Structure formats: structure tokens, C-alpha cells
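In this text the structure is predicted, and so the values were computed from the model without any measurement. Per chain, numbering begins at 1; letters A, B, ... match sequence-line order. When reading the values below, keep in mind they use all heavy atoms of this one structure, side chains included, and skip hydrogens, waters and symmetry mates.
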Amino acid sequence: MNRWDYNGKQVALVDVNNFYVSCERAFNPTIRKKAVCVVSNNDGCVIARSAEVKAMGIKMGTPLFQIRGLLASRGVEVRSSNYTLYHDMSERFIDCLEQFCPSVEQYSIDESFLHFEGFGSGLDAHCQRLIAAVRQCTSLPCCAGIAPTRTLAKAANHFAKTLGVPGGVLQITDEYHRQQILQQLPVTEVWGVGSRLSKRLACLGITTAWDLSASHIPTMRKAFGVVMERTVRELQGIPSVDLAPMDKPKDEIMSGRTFGSKVSSYTGLMASLANHVTLACEKLRAQNGATGRVTISIQPTRQGDYSSPSVSAYSEVRPATDDPQTILAVVRQCLGEIYREGKTYRRASVMLSSIETANKTQSDLFGLATEDRSGINHCLEAINQRFGRGAVTFAATKLSKDWEMKREYLSPSYTTNVKDLPIAKIS
DNA sequence: TCTGGGGTCCTAGGACCC
DNA sequence: TCTGGGGTCCTAGGACCC
């Protein structure tokens with residue numbers, strides 16, 4: 001038995017190639033052979049690229065306005081991000097994975113860790129069948145990396161994708177193989193090592209994943225902390241990272257967005273914040289929570305190349321509540337504290353924290369019951385669910401339109417809106 | 001009132017992820 | 001002129017307590 005045989009436990013990282021682009025292509029055959037990129041909210045910057053676009057040297061996060069000309073001259077199809085479509089496709093993807101593995105741990109919208117035990121040498125073939133099934137059921141292309149730890153599985157997946165391995169699966173099977181893989185992987189590509197850490201690592205002569213894996217753990221812990229120690233162990237093949245389960249109730253809930261165009265009026269900011277209160281409260285109620293602390297922040301427009309720091313204000317809410325109207329009143333008061341007339345702003349957000357479970361919130365002193373609006377809140381939610389988000393909103397959200405998103409290149413919601421169902425023509 | 005050390009709890013901020 | 005959003009985990013430092 002070699003050291004890779006952890007009671008036969010293996011983890012596979014399966015992720016969809018260029019997820020957002022692949023979703024756009026799934027329902028639009030005319031762009032399957034074309035270069036495609038997807039841009040962020042407000043059509044701000046590039047957040048997904050097809051292989052052709054990557055080959056043009058266009059980097060992740062490039063502002064759209066800088067490359068409009070280039071994209072047009074190369075015939076690149078641009079799409080605004082369509083999260084309704086992507087979330088629905090993500091659910092279909094995960095449904096498919098669950099047919100092949102009893103223990104699926106969703107990590108992000110397009111990635112999941114699959115835990116297998118006792119598969120032996122048949123795991124590679126099993127994952128190849130899984131990938132073929134995903135392709136058939138959803139038309140999404142994906143790859144898998146298999147190893148004893150999540151960090152190594154990530155590394156294997158990286159090469160499964162970039163080397164175009166047949167079948168789309170790469171498994172690290174022994175010590176020699178691990179060394180080969182890690183020696184070819186720049187340390188920047190290691191899961192958990194970002195740009196800052198990799199710069200500091202370079203000063204110590206650590207430039208590949210293999211260098212990092214061979215580093216002295218106590219030294220690394222002292223210099224970089226426990227997160228780095230765990231990364232090193234994972235690279236060595238010792239499972240050391242645990243993920244918080246996705247269905248765990250959130251400790252804090254945030255809703256924020258950059259405006260479609262600059263906002264300078266109090267009512268404009270309030271309109272945006274009221275919208276975020278509604279969205280945040282939907283999430284809060286979905287996890288049966290109540291918030292005890294509301295924080296708002298507004299960010300002034302950038303000065304030249306530098307982004308201005310955001311300004312924030314918070315207030316405790318006692319007793320904790322899930323009522324948007326109560327929260328809205330708090331938000332209004334906070335905005336009054338930090339709003340400066342004459343300044344222009346680019347972004348606003350609302351954060352709910354100190355979240356408790358709604359049915360065991362402390363009642364306030366003397367048991368003064370706050371007005372019970374749960375009936376009306378459920379009613380509003382039901383209307384919005386049936387007729388679409390925004391069918392009923394607080395008056396404040398309608399006072400100004402400046403904050404609304406710019407989405408010039410939006411594709412239809414093929415899978416979630418009857419009006420947008422694709423039409424098949426038989427000729 | 002001063003002296004001190006150690007523990008806990010909270011918050012802000014950094015780094016990272018996709 | 002135009003540069004995303006939502007989250008996690010960890011650490012340091014301050015306040016408070018005994």
C-alpha cells in the first residue's frame with residue numbers, strides 16, 4: 001500500500017469550463033463556434049472568456065471600455081451577465097453530479113468537490129462517464145482532477161483543463177506523479193495562494209507548487225499563519241482543509257451594487273439602499289433569521305486611478321428583526337449621518353449582521369411588542385415570486401432610476417421565463 | 001490607588017476565492 | 001466618461017474582567 005491509499009479516499013474537483021460562456025452557448029448554437037465573453041454587472045469588466053478570447057490575451061477583469069474596439073474588430077460576441085440563467089444551469093449541473101456520487105460538496109456556482117471511497121483504479125473511468133453525462137444532459141463541458149486532498153485535486157484539475165487530457169480527467173496516482181504535477185504548477189495557481197502571498201513567497205525562492213510543498217512547515221506557519229500551513233499539508237497529500245457547508249445559515253448577509261450611472265442625490269442613494277434592503281431581507285427570511293445590526297456603506301466615485309474608500313454607518317436593532325420597514329427606517333437614519341451633499345457616489349450596500357434565528361430572538365425590555373408585519377411581508381414576497389422581482393417595492397426604490405444596472409447585451413432567461421423559452425423549428 | 005498577567009469577547013481589516 | 005458581488009477565515013488590537 002502506498003501513501004496515496006488513504007483508505008481508498010479520493011476527492012475529485014469537477015468544474016465547468018468557462019461556465020458563463022458555456023451557459024450562453026448552451027441555448028444559442030450560433031455562438032458555439034465564435035469567440036464569446038461575458039461581462040460583469042453594469043457591463044463593467046470581463047468575467048468569463050471562451051478559449052478564443054483567452055488566446056487573444058484578454059485578461060480576466062479587463063474593463064470593457066478599454067477593449068470594445070478590439071472585441072468588435074475580432075468579432076467577439078459580448079454578453080451581459082445573466083445570473084438567472086447561470087443559477088438555473090448550475091442546479092442542473094449539480095443534479096447530474098449527484099447521479100454519480102453520493103457525497104457532492106458544492107464549492108461555487110460551477111465547481112464541486114466529489115468525495116469517493118473504495119473506488120480503486122476504476123475512478124478515472126467513472127469520472128469520464130460523469131463528464132459525458134453532464135455534456136449530454138446540460139451541454140456543459142467540464143473537467144475533473146482527482147487526488148487525496150482538495151488542494152491537489154484543484155492542481156490536477158488545472159492540468160486536466162489546460163492540457164486538454166482525453167476524457168477530461170486527470171488523476172494524481174502516485175508520489176512521482178505528484179512531483180511532476182507540482183513542479184509544473186506556478187505557485188500563484190495554488191488554491192489559497194493569491195497575488196500578494198505569491199510575491200512574498202517569491203522572496204523566499206518559492207515559485208512552484210513543488211517548492212511550497214517541500215517548504216519547512218513551522219517556518220511557513222510562523223511567517224504566513226495557519227492557512228498557509230494547511231495549504232502546504234494539502235499539497236503533501238494530507239487532508240487539512242474543511243469547507244463550511246453551503247446550507248449553513250449565513251453569519252452576515254450583504255447586498256450591494258455599483259450604480260448604472262453616478263448618483264449624487266439623497267433620494268437616489270436611498271432608492272438603491274431600499275432595493276438592497278428588500279433583497280437582503282429575502283435572504284434573511286429564507287434562512288429564518290433576524291438581524292440585530294444593520295450597516296450601510298456608500299462609496300464616492302473614484303478619483304483618477306484611485307478608488308475612494310467607502311464610508312459606512314451602522315446601528316444596532318433591538319429586538320432583532322426581519323422586517324424590511326423597520327430596517328429601512330434604520331437605513332434612512334444611517335444615511336443621514338454619512339451623506340454629503342455635492343459628492344457623487346458609485347456604489348451602495350446594505351449588510352445585515354448579528355443574525356439570530358427568528359423564533360428565538362430576545363423580546364425587548366418590558367415585552368413591548370413591535371408591530372407584527374409578518375403577514376404583509378409574506379404577502380409582498382408571494383406577489384414578487386409570482387409576478388417577478390420588483391412587482392411590488394417600497395416607494396423609496398421608485399424615486400430614482402440612476403442606480404439601476406446597465407445590461408446592454410443581456411441574453412434571454414431561456415430556462416426560467418416562459419416568454420423566453422427557445423423555439424425549435426423542424427424543417 | 002497601584003502593580004501585573006492572562007483570559008475572553010468583540011471589531012476592523014487583510015487576504016483569498018470564484 | 002465608463003473598472004463586479006458575495007462570501008469565508010484568520011489575525012491583531014482594544015476593552016473588560018479577575
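Taking every side-chain heavy atom of Met254(A) into account, dG6(C) is the closest of dC17(B), dT3(C), dG6(C). Looking at the side chain of Glu111(A), the nearest of the listed nucleotides dG4(C), dT11(C), dC18(B) is dC18(B). Comparing dT3(C), dA12(B), dG7(C) against the side chain of Tyr314(A) picks out dA12(B) as the nearest. Here the side chain of Thr258(A) is nearest to one of dG4(C), dG7(C), dC18(B), namely dG4(C). Ranking dA15(B), dT3(C), dG6(C) by closeness to the Pro63(A) side chain, first place goes to dT3(C).
Between Lys154(A) and dC18(B) there is a side-chain N or O to OP1 or OP2 distance below 4.0 Å. Contact between the side-chain N/O atoms of Arg347(A) and the OP1/OP2 oxygens of dT3(C) is not found at any separation under 4.0 Å. OP1 or OP2 of dT11(B) lies within a sub-4.0 Å distance of a side-chain N or O belonging to Arg293(A). For Ser255(A), no side-chain nitrogen or oxygen approaches OP1 or OP2 of dG5(C) to under 4.0 Å. An OP1 or OP2 oxygen of dG4(C) is reached within less than 4.0 angstrom by a side-chain nitrogen or oxygen of Arg346(A).
The distance from atom CD1 of Ile47(A) to atom C1' of dT3(C) is 12 Å, rounded to the nearest whole Å. We find that CD1 of Ile58(A) is positioned 18 Å from P of dT3(C), with the value rounded to whole Å. The separation between Glu252(A) atom CD and dC9(C) atom P is 11 Å, rounded to whole Å. Rounded to a whole Å, the CG atom of Asn42(A) is 8 Å from the P atom of dT3(C). Leu197(A) has its CG atom 17 Å from the P atom of dC9(C), to the nearest Å. Nucleotide dA12(B) holds its C1' atom 16 Å from the CG atom of Asp251(A), rounded to whole Å. Rounded to an integer number of Å, the gap from Arg221(A) CZ to dC10(C) P is 10 Å. When the P atom of dT8(C) is taken as reference, atom CH2 of Trp191(A) falls 14 Å away, rounded to whole Å.
Across all strands shown, dT11(C) forms a Watson-Crick or G-U wobble pair, both distances under 3.5 Å, with dA12(B). As the counterpart of dG6(B), dC17(C) is assigned, both hydrogen-bonding distances of the Watson-Crick or G-U wobble pattern falling under 3.5 Å.
In this structure, Glu234(A) contributes its side chain and Ser240(A) its backbone to a donor-acceptor pair below 3.5 Å.
dA15(B) and dT3(C) have their P atoms separated by 24 Å, given to the nearest Å.
Between Trp191(A) and Tyr107(A), the two ring planes are perpendicular [angle over 60°; tilted spans 30° to 60°].
Across all strands, Val226(A) comes closer than 4.0 Å only to sugar-phosphate atoms, never to a base (heavy-atom distances). Among the heavy atoms of the strands, none lies under 4.0 Å from Ile109(A). Among the atoms of the strands shown, only primed sugar atoms or phosphate atoms (P, OP1, OP2) are found under 4.0 Å from some heavy atom of Asp110(A). Across all strands, Val190(A) comes closer than 4.0 Å only to sugar-phosphate atoms, never to a base (heavy-atom distances). Across all strands, Tyr107(A) comes closer than 4.0 Å only to sugar-phosphate atoms, never to a base (heavy-atom distances).
Checked against the 6.0 Å centroid criterion, the rings of Tyr266(A) and Tyr345(A) do not qualify as a close aromatic pair.
Summarising the geometry, atom OG belonging to Ser90(A) is positioned 9.5 Å from atom CG belonging to Asp95(A); distances are rounded to the nearest 0.5 Å. Taking CG of Leu212(A) as the start and OG1 of Thr231(A) as the end, the distance is 7.0 Å to the nearest 0.5 Å.
Residue whose closest nucleotide on DNA chain C sits further toward the 5' end, between Lys283(A) and Tyr83(A): Tyr83(A).
Neither side chain, Tyr414(A) nor Glu24(A), offers a donor N or O lying under 3.5 Å from an acceptor on the other.
For the pair Arg129(A) and Phe100(A), the cation does not sit on the ring face, since its NZ or CZ is not both under 6.0 Å from the ring centre and inside 45° of the axis.
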